[in-house]
Every structure is written in structure tokens, then in C-alpha cells.
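Reviewing the structure listed below.
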Amino acid sequence: MRIATWNVNSVRQRLTPLLAFLKEDAPDILCLQELKCETEAFPRLEVEDAGYNVVLHGQKTFNGVAILSKRPIEESYVGLPGFDHEGQSRYIEAVLSDGVGGAVRVASIYAPNGNPPDTPKYRYKLAFMEALTQHAAALLQLEEKTVLAGDYNIIPENRDVHDPAAWAGDALFLPESRAAYRRLVNLGYVDALRAVTDDGGLYTFWDYQAGAWQKNKGIRIDHLLLSPQAADRLQGVEIAKTLRAGEKPSDHVPIAAQLG
DNA sequence: ATGGCCTTGGGGCAAGGA
């Protein structure tokens with residue numbers, strides 16, 4: 001089973017590369033973030049024609065998350081439990097068949113950016129991470145195959161950014177942000193990419209500005225966190241880097257985990 | 001050499017993103 005996550009930066013602007021990815025990469029499950037449209041405006045027919053079931057939580061202009069699945073979606077839950085989302089659509093969770101007689105629980109997460117620091121936006125980012133950590137702890141108790149996938153808006157370590165000094169004061173890389181990510185992982189999750197490689201320079205985002213892609217000035221902020229039951233099945237991780245060079249790219253690229 | 005963008009809503013340009 002292949003599960004991917006992708007911040008598309010407007011699903012309507014990204015429809016062509018999205019459908020191409022579904023056809024060519026054909027993940028079993030694809031988590032999307034930053035739909036930037038209301039639920040009714042999501043291109044449901046096109047995605048269903050591509051062979052996928054959909055659950056989503058849209059929002060006008062900002063945010064918006066979805067889970068696409070080849071197999072039927074058995075349960076779905078909108079919103080992060082215990083968190084007043086203030087109208088921001090940043091979390092959706094689903095339970096699906098894993099195709100081999102079991103189930104897999106998947107979350108599509110769009111964590112807040114949090115810039116600038118020393119503002120309510122940064123406190124909101126940390127509050128979201130705290131609520132996510134609480135919920136993630138509860139999910140571990142279920143002892144299921146669980147994948148928490150999405151745009152965490154956190155650069156975990158120095159090796160995950162082209163120039164750590166340039167990002168030192170950014171909400172994505174502040175020590176408090178990185179500590180929040182560590183607390184989540186340290187509950188007992190596995191950062192899928194880090195389970196398969198120690199290499200630095202593996203990025204999922206390149207800014208549109210200043211030729212960041214051409215200069216490979218990227219950051220790793222899109223992550224797949226695996227419960228122990230999911231991690232035991234991990235066979236590989238791939239970053240679909242070529243999509244960043246395509247027509248009308250998102251500033252993020254998909255990252256996918258292969259689970260046995 | 002430096003800095004160089006994209007999206008939405010809405011009909012300018014502000015706001016958000018990272």
C-alpha cells in the first residue's frame with residue numbers, strides 16, 4: 001500500500017498535475033492540504049473519475065484538507081479533537097481497508113505556519129501542535145496501523161534545510177517549534193523518511209521566490225508519521241521531486257511511503 | 001550583482017503563505 005501527502009496550494013489551480021499524479025503514481029491513499037476552496041467547489045467528479053473516493057473539509061480562500069482513497073472510506077472525522085479550530089479547516093481523519101484484511105487510519109494535516117513569531121499566530125501554531133500531540137497519543141492506544149500525514153510547517157533538523165542560519169528566526173525552525181515536533185514523534189511515531197535514510201538535503205518545499213527551486217534552497221516540512229504497527233510495514237519513501245519542475249507547480253511536492 | 005512568487009477575492013491591492 002502506497003500512501004502520499006501533498007500540499008497542492010489550491011486544488012483547482014493544481015487539477016492537471018493532480019490528475020496526472022493520480023494516474024502515474026497511483027497512490028492507494030493521497031492526503032491533500034491547502035485546497036483553498038469550499039467543500040462544494042472541490043473537483044470531486046474529476047477525482048472520482050480517476051478512481052478515488054474522497055472525504056474533505058474545505059474552506060473559502062484558505063486551508064482545506066482532503067483524503068483520497070482507491071478503496072472505500074469506512075469512517076471519517078472532521079476537525080482535530082479538543083481543538084477550537086476557529087473556522088480553520090486543518091484536519092481530517094479516516095479509516096480505510098488496507099486491502100489485506102486489516103484497516104489503516106489516516107490523517108491529513110495542515111499545521112499552521114505561525115509566522116511571525118511573538119504573535120497570536122505563533123501561539124496558535126504551538127496550540128495546534130499540542131492538541132495534535134494529545135490526539136496522537138490517544139490514537140497510539142488503539143494499536144492500529146496509523147499514518148499522520150501532512151504539511152507540519154516544521155523543519156525538524158539542520159539537515160532538513162539548505163541554510164539553517166537563514167531560517168533561525170522563522171516560525172518553521174524555531175527551537176520551540178522543533179521541540180513540539182519532537183514531542184509528537186517521541187510519543188512513539190516514526191518519521192517515515194528518517195526511517196529509511198540519514199541523508200540531508202531531502203526537501204519537500206521550495207519557495208516560488210528568488211529562484212529557490214533552481215538553487216535547491218528547499219526545506220523538509222511535509223512528513224508522514226507512522227505508528228509502530230505502520231512502521232513495521234515500511235518498505236520505502238519517495239519524494240516526487242520532479243513535480244516541482246512541471247507546469248504550474250505547487251511550491252510543495254508529494255512525499256509517499258510504501259507500506260507492505 | 002541583486003533579487004526575481006503565487007493564490008484568493010474581486011475588480012485595487014491586501015493578506016497569507018513559508
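Scope of the values below: all heavy atoms of this structure, side chains included, with no hydrogens, waters or symmetry mates. Residue numbers start from 1 in every chain, and the chains themselves are labelled A, B, ... in the order their sequence lines are given, proteins ahead of strands.
If you check every strand for non-hydrogen atoms under 4.0 Å, A/Tyr152 touches nothing. Residue contacts for A/Asn7: at a heavy-atom cut-off of 4.0 Å it reaches the sugar-phosphate backbone alone, with no base atom in range. Nucleic acid contact class of A/Asn63 (heavy atoms, under 4.0 Å, all strands): none. At a threshold of 4.0 angstrom between heavy atoms, the contacts of A/Asp251 with the nucleic acid are absent.
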What's the verdict on side-chain hydrogen bond (donor to acceptor under 3.5 Å, both in side chains) for A/Asn9 and A/Lys36, showing C-alpha distance, side-chain angles and the deciding distance?
CA-CA 7 Å; A/Asn9 185 18; A/Lys36 292 190 171 180; 2.9 Å; yes

May I have the step-by-step check of side-chain hydrogen bond (donor to acceptor under 3.5 Å, both in side chains) for A/Thr146 and A/Gln229, ending in yes or no?
CA-CA 7 Å; A/Thr146 298; A/Gln229 293 78 9; over 6 Å; no

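Salt bridge annotation for A/Arg123-A/Asp118: absent, with no cationic side-chain nitrogen under 4.0 angstrom from a carboxylate oxygen. For the pair A/Arg44 and A/Asp49, the salt-bridge criterion is not met [side-chain N within less than 4.0 Å of a carboxylate O]. Salt-bridge check for A/Arg2 with A/Asp25: passed, with a basic side-chain N closer than 4.0 Å to an acidic carboxylate O.
Taking side-chain N and O atoms only, A/Tyr110 has a distance below 4.0 Å to OP1 or OP2 of B/dA18. For B/dT8, neither phosphate oxygen OP1 nor OP2 lies less than 4.0 angstrom from any side-chain nitrogen or oxygen of A/Gln59. Using a 4.0 Å cut-off, no side-chain N or O of A/His252 falls inside it from OP1 or OP2 of B/dG17. Applying the 4.0 Å criterion to OP1 and OP2 of B/dT7, one finds that A/Asn9 has every side-chain N and O outside that range.
B/dG16 sits 15 Å from B/dG10 when the P atoms are compared, rounded to a whole Å. Remark: the separation of the P atoms in B/dA14 and B/dG3 is 22 Å, to the nearest Å. Remark: the separation of the P atoms in B/dG11 and B/dA15 is 15 Å, to the nearest Å. Comparing B/dG12 with B/dG17, their P atoms sit 26 Å apart, to the nearest whole Å. For the P atom pair drawn from B/dC13 and B/dA1, the interatomic distance equals 34 Å after rounding to whole Å.
Nearest-nucleotide assignment on DNA chain B puts the 5′-proximal partner with A/Pro249, out of A/Pro249 and A/Pro112.
We find that CZ of A/Arg244 is positioned 13 Å from P of B/dA18, with the value rounded to whole Å. One interatomic measurement links the two molecules: CG of A/Asn113 to C1' of B/dC6, which rounds to 15 Å at whole-angstrom precision. What separates NZ of A/Lys121 from C1' of B/dG16 is a distance of 6 Å, to the nearest Å. Remark: P of B/dG16 and CG of A/Asn153 are 15 Å apart, rounded to the nearest angstrom. For the pair A/Trp206 CH2 and B/dG3 P, the computed distance is 23 Å after rounding to whole Å. If you measure from atom CH2 of A/Trp167 to atom C1' of B/dG17, you get 10 Å, rounded to the nearest angstrom. Residue A/Asp160 contributes atom CG, which lies 15 Å from atom C1' of B/dA18 at whole-angstrom precision. Rounded to an integer number of Å, the gap from NZ of A/Lys217 to C1' of B/dG4 is 12 Å.
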Close N or O pairs between protein and nucleotides 9-12 of chain B (under 3.5 Å):
none

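Using a 30° and 60° split on the angle between ring planes, A/His223 and A/Tyr152 fall in the tilted class, from 30° to 60°.
Sorted by first and then second residue, the salt bridge (charged side-chain N to carboxylate O under 4.0 Å, His left out) pairs involving residues 55-69 of chain A (not counting sequence neighbours) form an empty list. Contacts classified as salt bridge (charged side-chain N to carboxylate O under 4.0 Å, His left out) and involving residues 90-111 of chain A (residues at least two apart or in different chains) are given here: A/Glu93-A/Arg105, A/Asp98-A/Lys145, A/Arg105-A/Glu144.
A/Arg12 meets the side chain to side chain donor-acceptor pair (under 3.5 Å) test with no other residue; sequence neighbours excluded. Residues meeting the salt bridge (Lys or Arg N to Asp or Glu O under 4.0 Å) test with A/Glu176, sequence neighbours left out: none.
Side chain of A/Ser10 to main chain of A/Gln13: a donor-acceptor pair is present (N/O by atom type, distance under 3.5 Å, no hydrogens or angles).
A heavy atom lying under 4.0 Å from DNA chain B marks the following residues of residues 208-216 of chain A, by number: A/Tyr208, A/Gln209, A/Ala210, A/Lys215.
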